[in-house]
Amino acid sequence: MLSDLKREVLIEAADSFRRVEDVSEFNTRKVLSAMRRLKVSDAHFKTSTGYAYGDIGRDKLDEIFADIFKAEAALVRTQFVSGTHALATAMFGVLRPADELVSLTGTPYDTLQTVISHGRGSLKEFGITYRELPLIDGKVDIAAIKNFITSKTRLALIQRSRGYSMRSALTVDDIATICAAVKAVNPNCATLVDNCYGEFVETREPIEVGADLAAGSLIKNIGGGLAPTGGYIVGRRDLVEAAANRLTAPGLGNELGASLGTPRLLYQGLFVAPHVTAQALKGAIFAAGIFKRLGYRISPQPDELRGDIIQAIELGNSARLIKFCRAIQNFSPVDSFAAPEPWDMPGYDDQVIMAAGTFVQGASIELSADAPLREPFAVYLQGGLTFEHAAIGILSAAEAVGNLK
Ligand SMILES: *Cc1c(COP(=O)(O)O)cnc(C)c1O
């Protein structure tokens, strides 16, 4: 029965798959041309220790990221412990006491809420005020930006990915419209795109359509599954410099930070990232087709234009969530024997269940599924280093939760 379903879904997905392959080819060319033009060589893969002054591999990778994102500057570091850390560093770098931060995409991703307002040492404790513009039917309220941004607003946060919500991811065109609306009211208000899960999904990235900064994680799309840890910030030179001074110390900036054996993995991961992102996208399209046919509410639809690699599937209750995540875990190459349980994860308010039988701990560019235990009990599925693995995991999860109809 499931094998019939698989065949039907794959036939239906042919056009979407072709579109994904075209984007992957375009982005592979983009990465390759940066690596050729900037003359990457074996010398850049040498590890550094201590202060790591003059680490040419680290500095070259910053240049390559800047080139790919069409940004003035980039800060790519394994010293960022996660995407949240990179985003928090960008915000703390730019904002000063009495400044105002706004989110234009409703409530931000769970871990950023702690950074902004209710964690110890949050932006709020430093006297930074915060407001958010609610989404309307899952869309950014573009018309309201004019009156929402004021002369006091210093930074506007724009989340590209859906995060843990049923809204659609933003397209790069959406980001262009939002950035233009902000600048029309207050040219001094900087824009920061939370670019997690968005890299290489389209042919363009946020900086080239007007965003001032973008930041994300290296254990998602842009690390290609090989980066062992880290994050990045790209954008305007002055703002990236402010973030670098926040990551290290004022005056140290981007000139220190040992690579400790990681450089080749970051370069090689970047090189395969467009392809790996395409594998993950095909997995997401496939999952949408399968679970739609099983009667579940899904977002996005199989043939919808995608802005991130996430596929949301409303499973309706926590029992199915747990079954789904256990099936994905069970068909993972690492820790297949473990049974995920809901837990109080640092930075999240609701309990969260996560399936991540991954080579790099928690890397969600590898096939993974996670869900906060709250209405509408949607599971967020993403990643897959190979489409073959994604399909196997998805079919096993489909078998575990069964037909809704
Ligand atoms: C993953 C993610 C983050 C950062 O999460 P980390 O686990 O800290 O890397 C932030 N925003 C969105 C939308 C994300 O998907």
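Every number for a ligand or one of its atoms is a count from 1 in the order of the listing.
Counting heavy atoms only, K220 comes closest to atom 15 (O) of ligand 1 of the residues R160, M345, K220.
For a threshold of 3.5 Å applied to N or O pairs, the pair formed by G163 and ligand 1 contains no separation below that value. Distances between N or O atoms of T111 and those of ligand 1 include no value under 3.5 Å. Any N or O atom pair closer than 3.5 Å counts here, and Y109 shares no such pair with ligand 1.
Using a 4.0 Å cut-off to heavy atoms of Y197, the atoms of ligand 1 that qualify are 15 (O).
Looking from atom 5 (O) of ligand 1 to the surrounding protein, the closest heavy atom is T84 OG1, 3.5 Å. Protein heavy atom at the shortest distance from atom 9 (O) of ligand 1 is G83 N, 2.8 Å.
A salt bridge links R160 and E205; the closest N-O separation between the charged side-chain nitrogens and carboxylate oxygens is under 4.0 Å. Contact check on K146 versus D141 returns no salt bridge, with no Lys/Arg side-chain nitrogen under 4.0 Å from an Asp/Glu carboxylate oxygen.
Residues satisfying the side-chain contact (heavy atoms from CB on, under 4.5 Å) test with A371, not counting sequence neighbours, are L321, I353, V379.
By the 6.0 Å contact criterion, CZ on F271 is open, its count of non-hydrogen atoms from other residues, nucleotides or ligands being 12 or less.
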Throw together a table of side-chain donor-acceptor distances under 3.5 angstrom for residues 334-342, partners on residues two or more places apart or in other chains.
unit_1, atom_1, unit_2, atom_2, d
E341, OE2, R326, NH2, 3.1

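With contacts defined as side-chain heavy-atom distances shorter than 4.5 Å, the pair E21/K282 qualifies.
Looking at D194 against ligand 1, only its side chain comes within 4.0 Å, counting heavy atoms.
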